[in-house]
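This report refers to the structure that appears directly beneath it.
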Number of protein chains: 2
Amino acid sequence: MTTDPGPAMTSVAPMTPAAPMTARQEARRRRILQATARLAGRGGFDAVQMREVAESSGVALGTLYRYFPSKVHLLVAVMQDQLEDLHETLRKRPPTDEDPAARVARTLMRAFRAMQREPHLADAMVRALTFADRSVSAEVETVSRLTTAIILDAMGPAGSRPTALQLSAVRVIEHTWHSALITWLSGRASIAQVATDIETACRLIDPAGAVRRQE
Amino acid sequence: MTTDPGPAMTSVAPMTPAAPMTARQEARRRRILQATARLAGRGGFDAVQMREVAESSGVALGTLYRYFPSKVHLLVAVMQDQLEDLHETLRKRPPTDEDPAARVARTLMRAFRAMQREPHLADAMVRALTFADRSVSAEVETVSRLTTAIILDAMGPAGSRPTALQLSAVRVIEHTWHSALITWLSGRASIAQVATDIETACRLIDPAGAVRRQE
DNA sequence: ACCCAGTCTGAAACTTGTTCTAGATTAGCG
DNA sequence: CGCTAATCTAGAACAAGTTTCAGACTGGGT
């Protein structure tokens, strides 16, 4: 039953254009990502120190930098990893609400709960994501596409082309998601506040009569 | 005529609780902020180097750190400064559109154009703002309140209490504003895209019939 | 005018991200 | 097997944010 392909999913191009890696290299890369996530799980962004990541994953500092050209690249890669897991999980048990907006909101709240379980890790990933400059835009773009895919999956029966209006809505929802996370992580917004913001943004999905859903 | 109080404005507590400064100190602070803005105007966040800010504003490094405990504090203070100017400007010539949502959108687009004039400065300020951790939350909160005030001013005739729903909308608009700026600054979204996102978020202000405004 | 407490200066030191280099190891291949 | 290019390691070196400290300076009260 785990092989049930389920409903067709928004696909994300499996970007692996770089040179193929040997098993050893694959393993190194994975060790690095795990060590990073572990360190981030403790003190957040600041606790991820490149020397420590290198030592902790049994790799020389120079090698670490060959795999990930900067701390931000590294943390964005971790985020991509986590998002892929999340996408997988959501694919197995999608939200069942009637309303598309409600499904999206519930999906994001699930993701949010995951972050609450590891606030430090969330801090590291989200700070890296928003601090990233142009040199990381390709990687950030990948993360963004993944997020969009997750939202689109929650939104509509697969295959139905979203309207331009809906795509705009999705963009705003994504903006809200990132920025609300930041306010939460820096202690300027409560969990409830984030939940409200997400729901508010989701009202954009089907504008007609959306207000009524509140009660 | 410059003393015309104009329409009553959303007020922001003039936070100056700290010890009063001598004229000399006031001047130093101002020199520091100017030097920072100048450096930021060239290379953006990275071009703002603390040693250079110190030298360029004729102040010892230690003194710079006494005035602003970190680079992020410094840049957030610059942003606050700029926002106060903007608020002032907007107070003098508010947008004249009929629709509240349109007024807010136009206001933000004005702010956006200001940023386009100095993209490097924008980069420095916005990156600092979103990278700020808890140690800067008070200052970031001040900036956030200023932004909210600007939006509320654009939104409604002063004095009219916004509904809870509208306040949620304002929060989402702010999230969208910050996040859209980031995508633009890191080259992942066009100017047109940012404009669209802002307008989309503004649809939340008066949900009824908002879709129609598009055409 | 004198003195104290707080402020400012100049310079060195420390931290952590990033780069560089010389030599060891590994992978693919004839 | 033995060669060659690429990769990896250890460690030094460099850059920029931040901290620290001894001594000079300033401002306010007597």
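Order of the sequence lines sets the chain letters (A, B, ...), proteins ahead of strands, with each chain counted from 1.
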Distance in angstrom units between [X] [atom1] and [N] [atom2], rounded:
X: B:E52; N: D:dT18; atom1: CD; atom2: P; result: 15 Å
X: B:F45; N: D:dA15; atom1: CZ; atom2: C1'; result: 15 Å
X: A:R51; N: C:dC14; atom1: CZ; atom2: P; result: 15 Å
X: A:E55; N: D:dG11; atom1: CD; atom2: P; result: 11 Å
X: B:M50; N: C:dA13; atom1: CE; atom2: C1'; result: 17 Å
X: B:R29; N: C:dT7; atom1: CZ; atom2: P; result: 16 Å
X: B:D133; N: D:dT18; atom1: CG; atom2: C1'; result: 14 Å
X: A:F131; N: C:dT16; atom1: CZ; atom2: P; result: 17 Å

Report yes or no: does [X] contribute a side-chain atom to a donor-acceptor pair with the main-chain N or O of [Y] at less than 3.5 Å?
X: B:S179; Y: B:H175; result: no
X: A:S168; Y: A:A164; result: yes
X: A:Q25; Y: A:T22; result: yes

Which letter, B, S or -, goes with each nucleotide of nucleotides 22-30 of chain D from 5' to 3', with contact meaning a protein heavy atom under 4.0 Å? ----S----

For a quick check of understanding: with a heavy-atom distance under 4.0 Å over all strands, which category does A:V48 fall into, base, sugar-phosphate or nothing? sugar-phosphate

Do [Y] and [X] meet the salt-bridge criterion of a basic N to acidic O distance under 4.0 Å?
X: B:R145; Y: B:E141; result: yes
X: B:R103; Y: B:D97; result: no
X: B:R30; Y: B:E26; result: no
X: B:R171; Y: B:E174; result: no

Within residues 60-72 of chain B, find the residues that approach DNA chain D with a heavy atom at under 4.0 Å, and present them sorted by residue number. B:L61, B:Y65, B:S70, B:K71

Taking only side-chain N and O atoms of A:Q25, does any of them lie within less than 4.0 angstrom of OP1 or OP2 on C:dA27? no

Ignoring hydrogens and angles, does a donor from either the side chain of A:R28 or the base of D:dT7 sit under 3.5 Å from an acceptor on the other? no

Per-pair distances, 0.1 Å, donor-acceptor, side chain in residues 45-59 of chain B, under 3.5 Å, sequence neighbours excluded:
unit_1	atom_1	unit_2	atom_2	d
B:S56	OG	B:R38	NH2	2.5
B:S57	OG	B:V53	O	2.6
B:S57	OG	B:A54	O	3.4

Is the Lys NZ or Arg CZ of A:R127 less than 6.0 Å from the centre of B:F131's six-membered ring, within 45° of the axis? yes

